[in-house]
Amino acid sequence: MELEILREEAKKKKSRVILAVDDPSHLNLIERLKSLIVGVKLGVLPIISGKAEEFIRRERDLYFISDMKTADIPDINIKIAEKLADMGFRGIIFHLFPMSLDEAVKLLHKRDCDAIGVAMMSHRNAVLFERNFDSLVDYGMKAGLDGFVVGATKPDYIRKAKEMTKKPILSPGVVKQGALPGEAIKLGADFEIVGRAITESSDPVSEAERIVKRERNFI
Ligand code: BMP
């Protein structure tokens with residue numbers, strides 16, 4: 001599916017922002033931000049808060065991504081994927097290093113969901129990702145992934161991931177982790193994942209507008 005719904009939404013809204021919600025108390029911001037964002041990525045805490053399904057149901061037009069960064073054996077990945085699809089998530093993020101995703105990807109595709117793999121993390125100490133980047137991406141391609149997460153703070157890897165995969169690239173690390181809004185898009189990423197810069201701002205809507213405006217220079 002290659003995140004087709006997200007790509008359509010991005011064209012319509014002229015935005016490439018996926019809102020990262022990691023604190024359940026920020027779920028309420030989604031409503032106010034929905035015209036500026038193309039999707040919402042929920043972290044572990046909002047997912048286990050028991051409130052996620054209510055927000056997914058309420059905001060039917062938004063594409064929700066689960067970010068539990070699942071890294072389990074094949075049988076358990078399948079069970080987790082099934083449950084997250086039941087909850088209404090349309091994109092599920094997995095770690096690639098266990099090389100255990102083939103069956104979960106097939107199941108998600110049957111459920112019209114996208115499978116997304118972490119190819120390069122945004123923090124400075126992600127050296128094991130640097131050493132194994134090609135293998136992670138190769139495995140993700142073989143498993144039939146629809147998209148890859150590559151830190152916005154790692155410009156060379158964004159270019160390389162796009163070249164190697166031609167798949168949608170989702171880049172976290174914007175503003176709070178040092179990347180400028182739009183920078184990842186300029187390098188070939190398709191979406192920028194933005195969390196605290198917006199959710200912890202005293203004026204989340206204005207901050208989202210500022211980020212989207214900067215992105216528009218590169219789309
Ligand atoms: P923030 O914009 O507040 O830094 O949030 C970034 C989001 O992207 C968080 O939800 C984090 O879990 C996620 N993320 C990341 O920052 N770097 C990665 O390499 C992979 C991630 O999923």
Side-chain angles (χ1 to χ4, degrees), residues 1-20 36-41 43 63 65 67 69 71 90-99 101 105 114-198 208 210-219:
M1 304 205 341
E2 305 195 2
L3 291 89
E4 207 175 299
I5 300 171
L6 258 189
R7 286 188 284 129
E8 288 297 314
E9 205 57 20
K11 262 190 237 154
K12 263 193 257 160
K13 290 182 174 163
K14 292 199 174 65
S15 164
R16 301 292 183 267
V17 173
I18 295 171
L19 181 71
L36 291 161
I37 59 178
V38 297
V40 181
K41 181 182 82 65
Y63 182 101
I65 300 174
D67 188 10
K69 294 191 187 69
R90 295 197 249 183
I92 316 288
I93 297 181
F94 294 93
H95 267 307
L96 291 165
F97 56 80
M99 300 178 80
L101 289 180
V105 174
D114 294 304
I116 302 159
V118 182
M120 172 56 64
M121 293 197 75
S122 55
H123 60 296
R124 195 175 300 136
N125 283 344
V127 286
L128 292 180
F129 282 89
E130 288 171 18
R131 282 186 217 147
N132 296 288
F133 179 77
D134 286 11
S135 308
L136 293 172
V137 170
D138 283 345
Y139 171 67
M141 290 303 286
K142 276 195 205 109
L145 285 197
D146 301 285
F148 291 85
V149 173
V150 180
T153 50
K154 308 281 172 79
D156 294 345
Y157 290 95
I158 296 176
R159 277 194 216 99
K160 206 169 164 197
K162 194 67 189 180
E163 251 171 54
M164 286 172 75
T165 69
K166 316 274 191 279
K167 301 266 184 187
I169 307 294
L170 293 67
S171 286
V174 179
V175 184
K176 281 284 173 188
Q177 297 179 50
L180 292 172
E183 237 176 20
I185 303 295
K186 190 164 114 190
L187 295 162
D190 298 80
F191 303 100
E192 292 185 323
I193 295 171
V194 190
R196 292 162 297 168
I198 296 173
R210 183 186 78 82
I211 291 168
V212 170
K213 204 168 155 201
R214 261 206 65 123
E215 282 180 342
R216 285 181 183 153
N217 294 326
F218 306 107
I219 59 178

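Bear in mind the structure is a predicted one, so any value in this text is a computation, not a measurement.
Taking the side chain to side chain donor-acceptor pair (under 3.5 Å) definition, one finds that R159 meets it with D156, sequence neighbours left out. Considering only residues two or more places apart in sequence or on other chains, D138 meets the side-chain contact (heavy atoms from CB on, under 4.5 Å) condition with M164. Applying the side chain to side chain donor-acceptor pair (under 3.5 Å) test to D134 and every residue at least two apart in sequence or in another chain returns K160. With sequence neighbours excluded, no residue forms a side chain to side chain donor-acceptor pair (under 3.5 Å) with E130. Looking at residues two or more places apart in sequence or on another chain, you find no side chain to side chain donor-acceptor pair (under 3.5 Å) involving K14. For K69, the salt bridge (charged side-chain N to carboxylate O under 4.0 Å, His left out) test picks out D67, with sequence neighbours left out.
Screening residues 210-219 for side-chain hydrogen bond (donor to acceptor under 3.5 Å, both in side chains) gives E207-R210 as the qualifying pairs, with residues at least two apart or on separate chains. For residues 186-198, every residue pair satisfying the salt bridge (Lys or Arg N to Asp or Glu O under 4.0 Å) rule, not counting sequence neighbours, is listed here: K162-D190. Within the structure, side-chain hydrogen bond (donor to acceptor under 3.5 Å, both in side chains) pairs that include any residue of residues 119-129 comprise S122-Q177 (at least two apart or interchain). Listed by first and then second residue, the ring-ring contact (aromatic ring centres under 6.0 Å, His included) pairs that reach into residues 172-198 come to none, sequence neighbours excluded. Under the ring-ring contact (aromatic ring centres under 6.0 Å, His included) criterion, no residue pair touches residues 162-181, with sequence neighbours excluded. Listed by first and then second residue, the ring-ring contact (aromatic ring centres under 6.0 Å, His included) pairs that reach into residues 132-165 are F133-Y157, sequence neighbours excluded.
Put simply, the side chain of F129 reaches to within 4.5 Å of the side chain of V118, judged on heavy atoms.
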